[in-house]
Amino acid sequence: MELKRRQGYQGTGPGPITPDGCAVELYSRMSVRDEPDVIAAAVPAGAHILELGCGVGRVTRPLLERGFTVTAVDESPEMLERVRGARTICGPIEDLELGETFDVVMLASFLVHAGDPEVRRGLLRACARHVAEDGCVLIQREGADYHTNLPRERLDSAGCTVRILSAEPVGDGVNSVRAEYEFPDAVWTHTFLSRPLSPRRFEEALAEAGLRVDRCLTDEGTWVRAVPVR
């Protein structure tokens, strides 16, 4: 059954496009950045990680190679078909009810900045109900200038030029962000909704789900370690 496209999200380019506008073929080509190093430095060796929004497994693979056990979750079956070596679960993160807890729950890809506050609440509640009492939640945040330092571009090590072209206000503190990914032989675009969160608003959102910031994992504050409030 084809999943319904999320309102305000769209993508173009070769291959399947997920409900939130991501291109499966694009992410199968893109390289992993420093995420595995950041995660490995913040959690116990051999931890069991619940990776929410795993996509094609770009981060999953290096985590498995480092000796972690990974349960990988994504709502796109086309994305999950590319994941190897991990237990996979297909479905929306907000609805996840596994009846078990994990040493580490990971919410990457700026998902915490979902435009719809109810979606954000659902994501964070899923994190909170699946993290062990002595476990942690690792959350990737947008940089402070993510919506203002535009347009900008970088060259991915896979040979792709990544451009963030615009972030246009659409109301209620939400921006419609447009990105472009150019390989020599193909181009993809992605339009998605993103809600900037100040440090205070971010901490309030965590508190609402029963979580609190433990520490920042990167100098720029784009990765945060959170723990349950007990």
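Residues: numbered from 1 along the sequence shown. FYI, side chains are in, hydrogens and waters are out, and symmetry mates aren't considered; it's all heavy atoms of this structure.
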Do the numbers put R58 on top of the ring of Y27, so that NZ or CZ is under 6.0 Å from the six-membered ring centre and no more than 45° off the axis? no
Less than 4.5 Å apart, side chain to side chain, heavy atoms only: is that true for V213 and L206? yes
Same apolar cluster (I L V M F W Y, side chains within < 4.5 Å links), I17/L26: no
Parallel, tilted or perpendicular: which fits the ring planes of F102 and H130, with parallel below 30° and perpendicular above 60°? tilted
Please round to the nearest 0.5 Å and tell me the distance separating atom SG of C90 and atom CD of E75. 8.0 Å
Which heavy atom in R129 sits nearest to a heavy atom in D95, and how many Å separate them? NH2-C, 4.1 Å
Main chain of E81, side chain of R84: is a donor-acceptor contact present, judged purely on distance under 3.5 Å? yes
For D145, I'd like to know if atom CG has over 12 heavy atoms of other residues, nucleotides or ligands within 6.0 Å. yes
May I ask whether V105 and V224 are part of the same hydrophobic cluster, defined by side-chain heavy atoms of I, L, V, M, F, W, Y residues being less than 4.5 angstrom apart, directly or through others? yes
With the side chain counted from C-beta on, respond yes when Y9 and P19 share a heavy-atom pair under 4.5 Å apart, and no when they do not. no
Taking CD in E220 as the centre, count heavy atoms belonging to other residues, nucleotides or ligands within less than 6.0 Å. Is the count above 12? yes
Atom pair CG/CG of L52 and L96 - distance to nearest 0.5 Å: 6.5 Å
Would R125 and E94 satisfy salt bridge (charged side-chain N to carboxylate O under 4.0 Å, His left out), going step by step from the backbone distance to the final call? CA-CA 8 Å; R125 287 169 182 158; E94 308 95 291; over 6 Å; no
Aromatic plane relationship, H113 with F110 - under 30° parallel, 30 to 60° tilted, over 60° perpendicular: perpendicular
Do V104 and V131 belong together in a cluster built from hydrophobic side chains that touch within less than 4.5 Å? no
Heavy-atom nearest pair, P184 first then G159, reads CD-O, 3.8 Å
Below 4.0 angstrom, N of the basic side chain to O of the carboxylate: do E25 and R82 qualify? yes
For R87, is the CZ atom crowded, meaning more than 12 foreign heavy atoms sit under 6.0 Å from it? yes
Kindly give the heavy-atom pair with the smallest separation between V83 and C54, and that separation in Å. CG2-SG, 4.2 Å
Does the distance from a Lys or Arg side-chain N to an Asp or Glu carboxylate O, for E203 and R200, drop under 4.0 Å? no
Pair D116 + R121: basic N to acidic O under 4.0 Å: no
Check the pair E168 / S166 against side-chain hydrogen bond (donor to acceptor under 3.5 Å, both in side chains), numbers first and verdict last. CA-CA 6 Å; E168 299 295 332; S166 60; 4.6 Å; no
Just so I know, are the side chains of W223 and E35 near enough to count as touching, which here means a heavy-atom distance under 4.5 Å? yes
Decide yes or no on salt bridge (charged side-chain N to carboxylate O under 4.0 Å, His left out) for R61 and E65, but give the supporting numbers first. CA-CA 6 Å; R61 286 189 295 273; E65 291 167 359; over 6 Å; no
Around atom CZ of R66, are there more than 12 heavy atoms from other residues, nucleotides or ligands closer than 6.0 Å? yes
If you measure from CG on D172 to CG on N175, what distance do you get to the nearest 0.5 Å? 11.0 Å
Is atom CD of E133 surrounded by more than 12 heavy atoms (other residues, nucleotides or ligands) closer than 6.0 Å? no
Spell out, yes or no, whether L107 and L138 are grouped together once hydrophobic residues are joined by side-chain heavy atoms under 4.5 Å, including indirect joins. no
Would you check if the side chain of R141 reaches a backbone N or O of L197 as a donor-acceptor pair within less than 3.5 Å? yes
Would you say that more than 12 heavy atoms from the other residues, nucleotides or ligands in this model lie under 6.0 Å from the CZ of R163, or not? yes
Looking at D20 and R6, is there a salt bridge between them, counting it only when a charged N and a carboxylate O are closer than 4.0 Å? no
